[in-house]
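Data block below; observations after.
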Amino acid sequence: MTPSAPSALKCESLQNPPGVDVPKPRFSWILESPERGEIQTACRILVSSETDLCRREIGDQWDSGWLETDRTFHVAYDGEPLLSCRRYWWKVKWWNAKGEESPWSEPAFFETGFLERSDWKTVWIGMRIPHEFRSKENVLLGEASGEHVQAYAIYLRKEFEVREPVLRASAFICGLGYAELFVNGKKVGDTVLDPAWTDYHRNALYSTYDITDLLKDRTAVGIILGNGRHIRNYGHDVPKAACRIEIEYKSGAQEIVQTDGGWKTSHGPILENGIYYGERYDARLEAAGWSEPGFDDSSWEKVSFLQGPPLSSQMLPPIRICETVNPVKVASPKPGVYVFDFGQNFTGWVRLSIRGQRGTEVRLRYAELLNEDGTLNTLPNENADSEDVYILKGGDIETYEPRFTYHGFRYVELTGIPGEPRIDTLQGRFVHSDVPRTGSFRSSNDLINRIHQNVLWGQLSNLMSIPTDCPQRDERQGWLADAHLSAEEAILNFDMAAFYTKFLDDIRFAQKEDGSLPDAVPAYLPRLYPADPAWGSAYAILVWLMYLYYGDTRVLERHYLPLKRYIEFLGRNAEDHIIRKLGKYGDWCPPGSITPKKTPVELTSTWYYCHDVNLVAAMAGLLSRHNDEKALRTLAAEIQEAFNRTFLEEDQYASIRVSKVDSYPNQTSNVLPLYLNMVPPEKKTAVLGALVRSIQKYTDHHVDTGILGTRYLLDVLAENGRADDAYKIATRESYPGWGYMVREGATTLWERWEKLAGPGMNSHNHIMFGSVDAWFYKYIGGIALLEPGWKKIKIAPILFKGLTSAETSVMTVRGEVRVLWSSEAKRFSLEARIPVGVTAEVRLPLLWEKACVLESGRIIWENGSPKTTVEGVASVGHSSRDVSFHVMSGTYAFVVCECKDAASTVPHKA
Ligand code: BGC
């Protein structure tokens with residue numbers, strides 16, 4: 001049978017990003033085949049400058065020829081040099097194991113951005129002295145520089161003639177802090193809060209839009225600029241924009257319109273606008289038609305020229321309004337005060353629809369919690385005012401949603417409206433980086449499903465072009481520990497490749513000459529150098545996860561040397577391999593405390609030092625830097641020895657003993673060395689025993705860990721034959737634990753294990769305890785990766801009491817892995833989908849003494865030994881508890897039952 005054509009073609013990331021600005025972009029595709037054990041043995045890629053050439057099989061840019069490779073992703077372009085701002089067409093075909101050739105895929109296209117800096121000599125414009133306002137300083141992070149000084153939103157406009165029929169027109173724009181582009185009165189694209197945050201002292205990102213259909217003979221372009229993080233307190237001047245429009249006429253002629261002295265500027269209806277502050281919009285100041293041709297801009301001033309950072313293309317998924325959330329209830333705790341409950345904590349804002357008299361001032365305040373009397377509890381917002389104000393122009397129904405702010409909330413208070421609101425007066429808008437969903441998980445246990453949902457809402461709420469810690473208070477920074485502790489979960493749920501590629505560059509840019517990193521990236525807060533090693537570890541961990549889960553070797557090459565410099569920095573700060581100085585937060589937020597009351601911070605710092613050295617050693621090996629690898633492996637062994645010498649006491653690792661009562665073994669201190677296999681072999685049983693004793697006897701199957709220990713606790717238990725203990729911890733409904741949060745009404749994860757309602761470190765939408773969801777995928781769903789890029793996987797769900805089924809899928813770089821299992825009285829069945837080019841180790845539980853295994857209705861294993869062979873499956877061994885098979889790509893339906901029931905067993909419908 002002829003293999004089918006490759007599908008889901010992508011260039012650089014799952015969503016084809018506009019404006020690819022890497023000279024050798026990488027191509028990926030997915031292969032589907034009904035055959036088992038299928039593999040690509042060769043492929044051929046064509047890249048053409050015209051769609052027609054591509055269809056006629058003329059790869060004038062690149063014809064790879066017959067490429068003997070099983071690689072179906074990240075095949076790097078190797079043709080003629082690509083030109084800036086062009087569209088290229090490409091397609092691919094493949095040969096299977098039998099040497100049969102597939103048809104060509106449907107052609108796909110990608111567009112380039114500016115491949116050389118000199119291709120766009122940016123001109124930055126803005127308003128020299130905008131009207132300014134002051135919002136509160138950020139007390140939580142102790143920004144000593146006083147109040148935040150910010151500008152009213154700035155409006156820019158220009159008109160030009162479009163001389164001939166247009167073939168294609170693209171707009172490239174970067175506006176700092178935030179920009180929205182309009183052409184002939186219409187907003188371009190559906191992105192919000194654009195561009196992504198970066199350190200503007202180093203770089204900024206431009207977005208690319210196709211505006212072909214928006215042009216008219218006489219065209220007007222408008223830009224609105226908001227403050228975002230481009231504010232004085234972070235060392236910046238006023239908001240500014242660089243924009244370039246490239247028009248390709250049908251005649252072949254080209255025209256470029258860009259920001260220059262011919263633009264004009266003014267203020268408009270958006271006055272105050274700040275991330276924490278909120279927005280103040282006076283609809284009476286709207287200037288109808290300001291971004292349309294013919295508008296009278298005689299009262300607008302000429303723009304000023306400003307300096308701006310170097311630009312590169314924004315290749316991560318942009319921020320969008322991804323979902324509308326309707327309120328579930330409106331209450332009126334006081335006359336004239338209406339509180340909308342959206343039933344869900346999330347990030348974004350509301351859309352207001354209202355009619356009233358001109359000049360009426362309507363206020364929207366946002367909060368995560370309510371007070372007992374039903375009014376808003378804004379204490380956890382700390383110094384973030386989180387208030388949007390809309391002043392009506394009067395007349396018809398007016399709708400408003402803010403542009404340059406966002407809030408973290410479940411409740412919204414509406415005041416100042418004439419009469420009573422309806423439930424649809426407000427609609428919630430869930431706003432976040434629009435990362436594609438790639439994973440799904442569902443089990444027969446409602447509590448676990450709810451925890452999974454809480455993780456999803458929490459994760460998305462904290463993807464705001466960087467991974468943030470929280471969305472509600474005056475913080476919202478890219479804290480590195482929060483990022484790496486939740487990264488595996490994020491990767492299983494979403495396509496994070498482009499997002500982390502960009503964030504890794506942010507980390508690289510944040511590195512200082514001495515190799516140090518800050519705790520939060522971009523480094524908006526200079527006092528956060530040098531990082532606590534547990535925070536700085538995000539650099540090595542994210543690079544490594546990009547390699548493991550996306551098979552990305554380019555990130556290894558790009559970040560290896562900076563990572564080595566970081567390791568050297570840690571080394572210079574170690575005494576006899578123990579890091580005593582750099583630790584600040586350690587095992588942050590354990591039960592009952594913010595600071596690690598039990599786990600020595602030197603222990604966590606040194607452990608992360610060892611962890612990172614191991615990872616960088618493995619990277620050195622992959623990059624064939626063998627001398628480095630050898631030196632780093634030696635160093636890792638020395639750190640390990642020093643770690644054990646310093647922190648291993650008899651049969652358990654060190655703890656800070658606060659009182660007699662908590663003198664039981666410390667969970668985090670013991671989990672970390674077990675995770676890295678650092679425990680001397682003769683002590684391993686004792687250390688594991690101490691950990692299990694702590695869990696079973698002293699904390700009654702509750703976490704006693706902060707964010708660091710929690711990340712590794714459940715994995716360590718599962719990998720050491722203690723999955724039942726892990727499961728009990730994960731599903732505990734009493735304090736502290738994820739189930740407790742659910743029982744107390746949480747719809748996202750909290751920052752603290754405690755239910756707190758006061759000010760301070762008390763966000764109800766943090767993701768740093770989110771790793772539990774990766775555990776669900778791996779041990780309940782049963783999908784785990786064994787080799788980088790999903791080349792080899794393990795399918796081994798663990799059966800827990802009270803859990804009867806789970807359905808899990810992950811869209812990997814090689815296609816979808818799906819596992820559906822269910823456990824009934826007389827049978828255990830498991831259906832698996834394994835993508836082309838992937839092999840799996842499938843482990844099935846033996847629940848009966850005389851058990852049989854069937855695959856698609858045929859007995860393949862019976863009573864301790866293999867039986868009939870079926871295509872794609874080879875038995876590899878068994879224990880008294882389970883049996884394992886080596887399985888090639890394809891779809892399978894396994895059933896385990898008692899041998900006596902085998903004849904009557906039919907497979908589930910796949
Ligand atoms: C953030 C955390 C972060 C921590 C470090 C907090 O304010 O919200 O999530 O990792 O600071 O101290």
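Whatever order the structure lists ligands and atoms in, that order sets their numbers, starting from 1. Throughout, residue positions are numbered sequentially from 1 according to the sequence presented. Since this is a predicted model, take the numbers as computed values, not measurements.
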Between Arg202 and Asp199, does any side-chain N to carboxylate O distance fall below 4.0 Å? no
Give the atoms of ligand 1, by number and element, whose distance to some non-hydrogen atom of His766 is under 4.0 Å. 1 (C), 2 (C), 8 (O), 9 (O)
Would you indicate whether Glu575, at its atom CD, is surrounded by more than 12 heavy atoms from other residues, nucleotides or ligands within a distance under 6.0 Å? yes
Honestly, for Met761 the part within reach of ligand 1 (heavy atoms, under 4.0 Å) is side chain
Is there a heavy atom in Arg476 that sits closer than 4.0 Å to ligand 1? no
For the ring pair Trp457 and Phe430, is the centre-to-centre distance below 6.0 Å? yes
Lys/Arg N to Asp/Glu carboxylate O, Arg558 vs Asp505, below 4.0 Å: yes
Ring pair (Phe, Tyr, Trp, His ring centres under 6.0 Å) partner of Phe769, the single match among Trp775, Trp753, Trp588: Trp753
Numbering as shown, the atoms of ligand 1 that approach Met768 to under 4.0 Å (heavy-atom distance): 9 (O)
Report the part of Glu751 (side chain from C-beta onward, or backbone N, CA, C, O) that has a heavy atom under 4.0 Å from ligand 1; answer both or neither where that applies. side chain
Between Glu475 and ligand 1, does any nitrogen or oxygen pair lie at a separation below 3.5 Å? yes
Should the pair Arg711-Glu488 be classified as a salt bridge under the 4.0 Å nitrogen-to-oxygen rule? yes
Per-atom contacts of ligand 1 with Asp482, taking only distances under 4.0 Å to non-hydrogen atoms: 2 (C), 3 (C), 9 (O), 10 (O)
